[in-house]
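Below is one structure, written out as structure tokens; comments come after it.
All values below were derived from every heavy atom in this structure, side-chain atoms included, with hydrogens, water molecules and symmetry-related copies excluded.
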Amino acid sequence: MSARRADGRGGRVLFVCRSTSGHPGSGGMERVLDELLRAAREAGHDVALLTTPGGGTSEAAVVWTAGRTGGRYSWRWWWESSRSGPWTRWQPDAVVSVGDAGGALVLRRRRPPVAVQVHGTTGTELASSLRARTRRELLKVPLHVLRFPSRRLFVRRADAVWPVSDALRDALLRAPYRLDPRRVTTLHNGVDPRALDAAPDDVAAVAELVGARDGGLTGLYVGRLHEQKGVDLAIGALGVLPSDHRLVVAGDGPDADRLRALARARGLDGRVTFVGAVPRGTVAALLRVADVLLVPSLRTEGAPVVLLEAAAVGVPVVATRHAQVPAELAAGATVVAASVDALAAGWRAATTRGRAPYLPAALTRDHVGAAYARALDGLVRSGGAR
């Protein structure tokens with residue numbers, strides 16, 4: 001039974017996700033979710049959210065939870081989300097799954113149309129774990145292999161598939177997925193340059209905090225502190241650069257203590273500043289203080305939002321090839337191998353560039369929001385399960 005709004009504007013759209021901007025340790029994927037929710041509301045849809053406990057977002061009027069573990073999948077999540085609940089009684093006209101979160105819903109016999117937003121594939125996650133080479137990541141390798149059949153079935157059963165980059169779209173069209181290209185549409189991440197404005201006093205305070213007022217060249221890392229993110233490469237690169245270079249690390253995660261110990265062991269603790277997880281307003285100020293943004297990832301990324309934020313502000317970027325820098329940002333980005341020497345060389349070269357915004361209009365919030373609104377409207381109008 002359809003729950004289309006009586007005024008004819010939009011319908012009911014249920015978003016299903018593992019974590020939100022309200023969960024501890026949230027990052028770029030969760031900010032993208034907020035933008036997608038906002039685009040749905042602005043397009044006239046009623047929006048609800050199904051997620052794990054301990055989070056939420058102001059962008060959804062109704063939030064339901066399943067499972068018992070916040071921000072993580074569990075057997076209870078898959079069991080409860082697959083069954084009838086308030087989210088099914090709400091009678092959504094369409095479901096949008098962020099990653100695998102809606103995998104159980106897509107297998108229901110009677111369901112509304114489902115779209116899956118793809119931030120990565122089993123292949124990219126498997127390669128990322130192998131590159132990290134730590135015991136914890138290597139233990140994930142058999143899990144990636146075991147999960148592949150269900151993930152492949154999920155995206156093949158979905159009515160629409162929305163990868164966040166062209167590289168991911170190409171991977172989904174090839175073996176072993178071989179999706180119908182008519183169902184696969186790249187919907188890029190986007191940022192609002194206006195949200196990255198920073199007051200001069202805030203910039204001055206951040207510069208004082210990280211020592212940027214003392215002169216020298218500041219490299220910035222923003223993101224989760226995890227083995228796959230390659231922050232140890234950035235610390236190593238700092239060690240081979242002149243002493244007037246410094247590194248600011250903004251973020252938190254399971255690798256934080258190891259990275260602090262690494263900086264101390266290499267005698268760099270006076271040149272590396274760990275500021276922890278910071279609000280987006282502070283990130284905007286940090287980007288204005290930084291001479292270069294470093295994205296030293298060993299993980300095959302989907303489309304890091306921080307790359308777009310740097311482009312909007314005009315900060316040069318040095319990133320490994322695994323970061324999947326969009327071709328549209330080539331004017332301000334240097335792509336290097338995932339090694340200490342290559343990152344150091346790119347860092348040194350990038351700091352000679354001038355600063356001018358290089359974010360194209362196609363990757364701004366307004367343009368991306370309009371693309372999502374069109375895709376959502378098509379999904380709502382497409383009818384029931386295939």
Side-chain angles (χ1 to χ4, degrees), residues 10-11 13-18 20-21 27-45 47 49 57 59-60 92-103 106 112-121 124 151 154-174 177 179-193 195 300-309 311-312 323-329 359-382:
V13 182
L14 174 66
F15 290 81
V16 187
C17 61
R18 178 187 64 191
T20 67
S21 55
M29 187 171 73
E30 291 77 17
R31 296 204 304 280
V32 170
L33 171 63
D34 279 349
E35 293 295 337
L36 182 50
L37 292 166
R38 186 179 297 117
R41 288 193 298 103
E42 291 175 352
H45 299 291
V47 172
L49 182 67
T57 170
E59 299 298 335
D93 294 297
V95 175
V96 177
S97 171
V98 179
D100 298 338
V106 81
V114 175
V116 54
Q117 186 191 49
V118 177
H119 291 263
T121 67
T124 60
R151 297 184 76 178
F154 172 35
V155 295
R156 290 179 69 88
R157 288 288 303 274
D159 300 273
V161 181
W162 299 339
V164 297
S165 71
D166 291 329
L168 281 173
R169 182 180 190 275
D170 292 342
L172 292 167
L173 298 183
R174 298 192 301 265
Y177 290 95
L179 299 187
D180 181 345
R182 293 172 297 180
R183 294 192 296 113
V184 185
T185 304
T186 301
L187 293 176
H188 293 284
N189 295 338
V191 297
D192 183 359
T300 303
E301 303 283 0
V305 174
V306 71
L307 290 174
L308 308 181
E309 293 173 330
Q324 301 287 320
V325 177
E328 294 88 345
L329 303 186
L359 181 73
L363 298 180
T364 60
R365 172 192 160 189
D366 290 346
H367 189 281
V368 171
Y372 266 115
R374 290 191 295 271
L376 284 167
D377 187 62
L379 185 69
V380 168
R381 294 176 184 276
S382 65

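- Considering CG of D180 and CG of L172, their distance stands at 12.0 Å, rounded to 0.5 Å.
- Rounding to the nearest 0.5 Å gives a distance of 6.0 Å between CG of N189 and OH of Y372.
- Taken from OG1 in T185 to NE2 in H188, the straight-line distance is 11.0 Å, to the nearest 0.5 Å.
- The closest donor-acceptor contact from the side chain of R156 to the backbone of Y177 lies under 3.5 Å.
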Practice problem: Could you walk me through whether R151 and D100 pass salt bridge (Lys or Arg N to Asp or Glu O under 4.0 Å), step by step? | Solution: CA-CA 7 Å; R151 297 184 76 178; D100 298 338; 2.9 Å; yes

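- You'll find the side chain of V191 reaches within 4.5 Å of the side chain of V305, heavy atoms only.
- Counting only distance, with no hydrogens or angles, the side chain of S97 and the backbone of G102 share a donor-acceptor pair below 3.5 Å.
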Quiz item: Would M29 and V98 count as a side chain to side chain contact (heavy atoms under 4.5 Å, CB included) if you check the C-alpha gap in whole Å, the side-chain angles of each, and the deciding distance to 0.1 Å?
Solution: CA-CA 9 Å; M29 187 171 73; V98 179; 4.2 Å; yes

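- Between V13 and V380, some side-chain heavy-atom pair lies under the 4.5 Å cut-off.
- R169 and P181 get closest at one heavy-atom pair: NH2-O, 3.4 Å.
- Rounding to the nearest 0.5 angstrom, the gap separating the NE2 atom in H119 from the CD atom in Q117 is 3.5 Å.
- A heavy-atom distance below 4.5 Å is found between the side chains of C17 and L33.
- The two residues P112 and V95 have their closest heavy-atom pair at CG-CG2, 3.7 Å.
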Quiz prompt | Worked verdict on R38 versus D34 for salt bridge (Lys or Arg N to Asp or Glu O under 4.0 Å) | solution = CA-CA 6 Å; R38 186 179 297 117; D34 279 349; 5.8 Å; no

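- The shortest heavy-atom contact between V161 and L179 is CG2-CD1, 4.0 Å.
- Using a 4.5 Å heavy-atom threshold, the side chains of E328 and L363 count as touching.
- Listed by first and then second residue, the side-chain hydrogen bond (donor to acceptor under 3.5 Å, both in side chains) pairs that reach into residues 362-371 are E35-R365, E42-R365, R194-D366, sequence neighbours excluded.
- Residues W162 and V118 fail the side-chain proximity criterion, which asks for heavy atoms closer than 4.5 Å.
- Taken from CG in L36 to CZ in R41, the straight-line distance is 11.5 Å, to the nearest 0.5 Å.
- Taking both residues in full, the closest heavy atoms of P304 and A323 are given as CD-O, 3.4 Å, listed atom of the first, atom of the second, then distance.
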Quiz item: Where do V368 and L187 land on the side chain to side chain contact (heavy atoms under 4.5 Å, CB included) test, with the steps shown first?
Solution: CA-CA 7 Å; V368 171; L187 293 176; over 6 Å; no

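- Under a 3.5 Å cut-off, the side chain of D159 and the backbone N or O of A115 do not form any donor-acceptor pair.
- Residues L307 and V325 have side chains in contact (heavy-atom distance under 4.5 Å, counting atoms from C-beta outward).
- Counting heavy atoms from C-beta outward, L329 and P360 have side chains that approach closer than 4.5 Å.
- Residue L168 holds its CG atom at 6.5 Å from OG1 of T124, rounded to the nearest 0.5 Å.
- Shortest non-hydrogen contact noted between L37 and E59 is CB-CB, 3.7 Å.
- A donor-acceptor contact shorter than 3.5 Å is absent between the side chain of T57 and the backbone of A60.
- A distance-only check finds no donor-acceptor pair linking the side chain of H45 to the backbone of A40 [under 3.5 Å].
- The side-chain heavy atoms of V155 and V184, taken from C-beta on, include no pair separated by under 4.5 Å.
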